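The structure under discussion appears below in the form of structure tokens.
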Amino acid sequence: MAKKKTKFICGSCGYESAKWMGKCPGCGDWNKMVEEVEIVKPGRRGAFANTEAVHFSGERPKAAPITSIATIQEPRIATDLVELNRVLGGGIVQGSLVLIGGDPGIGKSTLLLQVSSQLANKQKKVLYISGEESVKQTKLRSERLGVTSDNLFVYSETDMDYIGQAIKDVAPDLVIIDSIQTVFQSEVTSAPGSVSQVRECTAELMRIAKTNGIAIFIVGHVTKEGSIAGPRLLEHMVDTVLYFEGERHHTYRIVRAVKNRFGSTNEMGIFEMKENGLEEVENPSELFLEERSQGASGSTVVASMEGTRPVLVEIQALISPTSFGTPRRMATGTDHNRISLLMAVLEKRVGMLLQNQDAYLKVAGGIKLDEPAIDLAIAVSIASSFRDKPTRQTDCLIGEVGLTGEVRRVSRIEQRVQEAAKLGFERIILPANNLGGWSVPKGIELVGVSTVAEALQYALGG
């Protein structure tokens, strides 16, 4: 007879305990322990023991010497979305498990339905499994997006047993699960979306993907903090984790990889949401600079690298006298601690009295930047707003700033300068150590600087 066992599981990291605790010993979060009832059947070692059902061919893999394994390039399935291919590392790898998360209504289902249509038109079998919509609702959305193909199969189900059987019957090249929080294992007694259900269902899908060479995309809900709901173990189990980001006040969306076993994690794909679905943005730099103000102080442009792609972004700073005992430091699009650091450098090395000033910084367009090469642009923006002197509209700044006030070299300087030249910038202020050793585009003036004070001399005239 099956035995009932009560346990408490942390909703953040999946830590299990026999008793409730206010603070999770695994991750340190408070009030995340949730009670779940587990039914243990006699003679069963757990949900990971029975793996025969996922081997559709009936064959079990065998261990082999590493020297006998052929090192051939894994074939990839390329979509028609070049931006998505770049983020994935060149396309969809067969047998991979990809997790994509994002806010509700951001466009996750729209993106995956478009990808399904593109692969189906290339004679690839695609199985779209929806646990949140009926097949008729999915059909209505597909008509709006112009999706029509006999190779696209739609199935509405939440039971993992039926989903596994459907995958076996269709034998697709790509499977999409929308979403993992709605799928459940009948042998696990907890509710769908709980830690145990998400973990066991993802493990089952992982075995199906690896043993049968089927690429599987699973959609994950996000919490109010912006992280994917469920245990942290979920992100460790999958091959790739994609975040679908964007602001409701803008029509563009950003796909960013935070984990990728088959490519870089620094890549970024940009799309624009339109009536007929998502469309690629071929030149994102124009998108981020199209509303730049003329002759406004506190505004600079930096050439930042997002993976292998250079992107020009406007950085805005506002410095004003404080009315509080402690000045405020606020940032949107970058770490607010970077403002305090660079303001300390300006105060100590340049002589600006900023300790009684509030500082507000924004990366225009909603994009997030975290590389060191944006330091010089932030420092010049702060100085420009403080002195109320605008920079030249055709200036672009690149460089990392050290605590001693030096401007340090950055990587891939040639690609950054070429992108700036393409958009009509005439002068680039960059680290002096980055000069030489590469070809300079025509019509571009390079100004090499060694210190922040020297950069301010050129950018602001003093």
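From a predicted model like this one, the values you see are computed outputs, not experimental measurements.
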Exercise. Is the closest side-chain heavy-atom distance between T202 and V198 below 4.5 Å?
Worked result: yes

Exercise. Does a donor on one side chain sit under 3.5 Å from an acceptor on the other, for S96 and D239?
Worked result: no

Exercise. Heavy-atom distance under 4.5 Å between the side chains of L174 and F217, does that happen here?
Worked result: yes

Exercise. Can you check whether L113 reaches R141 side chain to side chain, under 4.5 Å on heavy atoms?
Worked result: yes

For this session: Please indicate whether E290 has more than 12 foreign heavy atoms, meaning atoms of other residues, nucleotides or ligands, lying under 6.0 Å from its CD.
Result: yes

For this session: Work out which heavy atom in L346 is nearest to a heavy atom in A379; give both atom names and the distance.
Result: CD1-O, 3.7 Å

Seminar exercise, completed: Between the CD1 atom in I367 and the OG1 atom in T334, the distance rounded to the nearest 0.5 Å is 11.5 Å

Exercise. Side chains of M160 and L205: does their closest heavy-atom pair fall under 4.5 Å?
Worked result: yes

Problem set entry | Residues K122 and D80 bridged, charged N to O under 4.0 Å | yes

Exercise. Is the side chain of R144 donor-acceptor paired with the backbone N or O of K139 at a distance under 3.5 Å, no angle test?
Worked result: no

Exercise. Quick one: do the N85 and T79 side chains pair a donor with an acceptor below 3.5 Å?
Worked result: yes

For this session: Give a yes-or-no answer on whether the side chains of D161 and Q165 include a donor-acceptor pair shorter than 3.5 Å.
Result: no

Problem set entry | Between E414 and S439, a side-chain donor and acceptor under 3.5 Å | yes

Problem set entry | Presence of salt bridge, E371 and R416, under 4.0 angstrom | yes

For this session: Using a 4.5 Å cut-off on heavy atoms from C-beta on, say whether the side chain of I444 contacts that of I428.
Result: yes

Exercise. Can you name the nearest heavy-atom pair linking T308 to R412, along with the distance?
Worked result: CA-NH1, 3.3 Å

Problem set entry | Donor-acceptor pair, side chain of R292 and main chain of Q393, under 3.5 angstrom | yes

Exercise. Is the number of heavy atoms from other residues, nucleotides or ligands within 6.0 Å of CG (N276) greater than 12?
Worked result: yes

Exercise. Under 3.5 Å, is there a donor-acceptor pair between the side chain of S194 and the main chain of A191?
Worked result: yes

Exercise. Backbone N or O of F184 within a donor-acceptor pair of the T158 side chain at under 3.5 Å?
Worked result: no

Exercise. Is the side chain of K259 donor-acceptor paired with the backbone N or O of V238 at a distance under 3.5 Å, no angle test?
Worked result: yes

Exercise. Do L111 and F244 come close enough that some side-chain heavy atom pair is under 4.5 Å?
Worked result: yes

Exercise. Judged by modelled atom types alone, do Q316 and S381 share a side-chain donor-acceptor pair under 3.5 Å?
Worked result: no

For this session: Indicate yes or no: at least one non-hydrogen side-chain atom of V126 is less than 4.5 angstrom from one of V115.
Result: no

Exercise. Are any of the side-chain nitrogens in R328 or D358 under 4.0 Å away from the carboxylate oxygens of its partner?
Worked result: no

Exercise. Within the distance-only criterion (no hydrogens, no angle test), does the side chain of K389 pair as donor or acceptor with the backbone N or O of S384 below 3.5 angstrom?
Worked result: no

For this session: Identify the two heavy atoms, one from M330 and one from I339, that lie closest to each other, and give their separation to 0.1 Å.
Result: O-CD1, 3.2 Å

Problem set entry | Spatial distance of atom CG (L376) from atom CD1 (I398) [nearest 0.5 Å] | 9.0 Å

Problem set entry | Side chains of L242 and V87 in contact at under 4.5 Å (non-hydrogen atoms) | yes

Seminar exercise, completed: One should read off an interatomic distance between S130 OG and L112 CG, to the nearest 0.5 angstrom, of 11.0 Å

Exercise. Do T240 and N260 meet the criterion of a side-chain donor-acceptor pair at a distance under 3.5 Å?
Worked result: yes

Problem set entry | Polar side chain donor-acceptor pair, E419 to S285, under 3.5 angstrom | yes

For this session: Show your working on side chain to side chain donor-acceptor pair (under 3.5 Å) between S179 and E132 and close with a plain yes or no.
Result: CA-CA 7 Å; S179 65; E132 301 177 344; 2.9 Å; yes

Exercise. Can R253 and D103 be counted as an ion pair, charged N to O under 4.0 angstrom?
Worked result: no

For this session: Mind running side-chain contact (heavy atoms from CB on, under 4.5 Å) on Y15 and V195 for me, showing each step along the way?
Result: CA-CA 10 Å; Y15 181 86; V195 174; over 6 Å; no

Exercise. Is E406 salt-bridged to R408, cutoff N-O under 4.0 Å?
Worked result: yes

Exercise. With sequence neighbours excluded, what pairs up with Y128 under the ring pair (Phe, Tyr, Trp, His ring centres under 6.0 Å) test?
Worked result: none

Seminar exercise, completed: Rounded to the nearest 0.5 Å, the CD1 atom of I129 sits from the OG1 atom of T138 at a distance of 11.5 Å

For this session: First locate atom CG of N151, then atom NZ of K124, and finally report the distance between them rounded to the nearest 0.5 Å.
Result: 10.5 Å

Exercise. After noting the C-alpha distance and the side-chain angles of I382 and I319, does the key distance pass the side-chain contact (heavy atoms from CB on, under 4.5 Å) rule?
Worked result: CA-CA 7 Å; I382 293 172; I319 307 297; 3.8 Å; yes

For this session: Please test L119 against D173 for side-chain contact (heavy atoms from CB on, under 4.5 Å), starting from the C-alpha separation and ending with a verdict.
Result: CA-CA 9 Å; L119 298 185; D173 298 289; over 6 Å; no

Problem set entry | More than 12 heavy atoms of other groups within 6.0 Å of L403 CG | no

For this session: Just do the side-chain contact (heavy atoms from CB on, under 4.5 Å) check on V34 and I9 with the steps written out, would you?
Result: CA-CA 5 Å; V34 180; I9 303 178; 5.7 Å; no

For this session: Tell me, yes or no, whether the heavy-atom count around E143 atom CD, taken from other residues, nucleotides or ligands under 6.0 Å, exceeds 12.
Result: yes

Exercise. With respect to P172, which candidate in I216, I167, L152 satisfies the side-chain contact (heavy atoms from CB on, under 4.5 Å) definition?
Worked result: I167

Problem set entry | Under-4.0 Å salt bridge between R309 and E83 | yes

For this session: Return the minimal non-hydrogen interatomic distance between V407 and P431, and the atom names on each side.
Result: CG1-CG, 3.8 Å

For this session: Could you tell me whether the side chain of E200 and the main chain of S196 form a donor-acceptor pair under 3.5 Å?
Result: no

Exercise. Looking at R256 and E267, does any basic side-chain N land under 4.0 Å from a carboxylate oxygen?
Worked result: no

Problem set entry | Minimal non-hydrogen separation, V219 against L99, with atom names | C-CD1, 4.4 Å

For this session: Calculate, to the nearest 0.5 Å, the distance between atoms CZ and CG belonging to R329 and L342 respectively.
Result: 11.5 Å

Seminar exercise, completed: For G424 and T394, the nearest pair of non-hydrogen atoms, with its separation, is O-CG2, 4.4 Å

For this session: Answer yes or no: is there a donor N or O on one side and an acceptor on the other, between the side chain of Q418 and the main chain of Q415, under 3.5 Å?
Result: no

